[in-house]
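Sequence lines set the chain letters: A, B, ... in the order given, protein chains first and strands last, and positions in each chain run from 1.
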Amino acid sequence: DGGITQSPKYLFRKEGQNVTLSCEQNLNHDAMYWYRQDPGQGLRLIYYSQIVNDFQKGDIAEGYSVSREKKESFPLTVTSAQKNPTAFYLCASSIDRAGYYGYTFGSGTRLTVV
Amino acid sequence: GESVGLHLPTLSVQEGDNSIINCAYSNSASDYFIWYKQESGKGPQFIIDIRSNMDKRQGQRVTVLLNKTVKHLSLQIAATQPGDSAVYFCAEFSGWRSNFGNEKLTFGTGTRLTIIP
């Protein structure tokens with residue numbers, strides 16, 4: 001089955017650590033996105049990539065980094081510069097670069113700082 | 001800047017009744033809207049979409065209405081079931097035609113729908 005896979009489902013980070021969240025899709029979608037979800041605040045865009053080897057900052061990119069070396073993969077690194085990283089992280093992809101046919105979401109990674 | 005918002009953060013509906021979830025948007029240039037359903041601990045799932053050249057679109061037990069005059073979107077769920085309990089998001093597609101390369105979906109805060117048995 002085609003889909004978008006996020007791993008791990010739960011992740012714990014110590015203060016000062018960098019952690020990387022995985023996002024893989026086998027839908028042959030062009031664009032991929034990372035969102036952060038906090039209670040009562042909906043979805044906020046962190047980074048997005050419309051083509052391989054290119055990505056753009058979203059609304060809350062500070063403290064995060066991404067790479068898009070392969071079409072199928074768009075990992076997100078939460079760096080120590082992100083002061084409040086505890087949240088639910090969602091990865092999405094769209095069939096076209098513009099996202100004009102909507103997004104397909106992964107099942108999310110819940111990151112907790114301990 | 002543009003925003004997509006919801007009138008009510010929570011909605012409780014008796015099982016079997018119909019529910020209506022509302023959404024206001026502010027970007028009059030937006031021409032594509034999507035409703036997503038998110039169950040606890042899961043990613044959002046596509047429910048139904050509508051383009052701006054339509055006023056109404058129906059799916060299985062769901063209907064989306066678009067009123068461009070007042071920039072209002074609604075999701076109607078008929079004969080609600082316990083499995084309909086979730087958070088529902090509307091999303092607005094912005095940037096198309098006016099700024100190619102900067103298109104993305106903008107999501108509202110969400111409405112939590114609870115079905116009462």
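Contacts classified as side chain to side chain donor-acceptor pair (under 3.5 Å) and involving residues 7-23 of chain A (residues at least two apart or in different chains) are given here: A/Thr20-A/Thr77.
Following chains of ILVMFWY side-chain contacts shorter than 4.5 Å, one can reach B/Val62 starting from B/Tyr88, so the two form part of one hydrophobic cluster. Note on A/Tyr89: it clusters hydrophobically with A/Ile60, by side-chain heavy-atom contacts below 4.5 Å among ILVMFWY residues. In terms of hydrophobic clustering, with Ile, Leu, Val, Met, Phe, Trp and Tyr side chains grouped at heavy-atom distances under 4.5 Å, B/Leu75 and B/Met54 are assigned to a common cluster.
Contacts of A/Arg44 classified as salt bridge (Lys or Arg N to Asp or Glu O under 4.0 Å), with partners at least two apart in sequence or in another chain: A/Asp38. Applying the salt bridge (Lys or Arg N to Asp or Glu O under 4.0 Å) rule to B/Asp55 yields the partners B/Lys68; only residues at least two apart in sequence or on another chain are considered.
Of the atoms belonging to A/Tyr101, heavy atoms from both backbone and side chain fall under 4.5 Å from chain B.
The number of heavy-atom neighbours closer than 6.0 Å to CD1 of A/Ile95, taken from other residues, nucleotides and ligands shown, is 12 or below.
Separation of the A/Tyr103 and B/Tyr36 ring centroids does not fall under the 6.0 Å cut-off.
To the nearest 0.5 Å, the span separating CD on A/Gln37 from CZ on B/Phe89 amounts to 4.5 Å.
Along residues 42-51 of chain B, the residues that come nearer than 4.5 angstrom to chain A, judged on non-hydrogen atoms, are B/Lys42, B/Gly43, B/Pro44, B/Arg51 in order of number.
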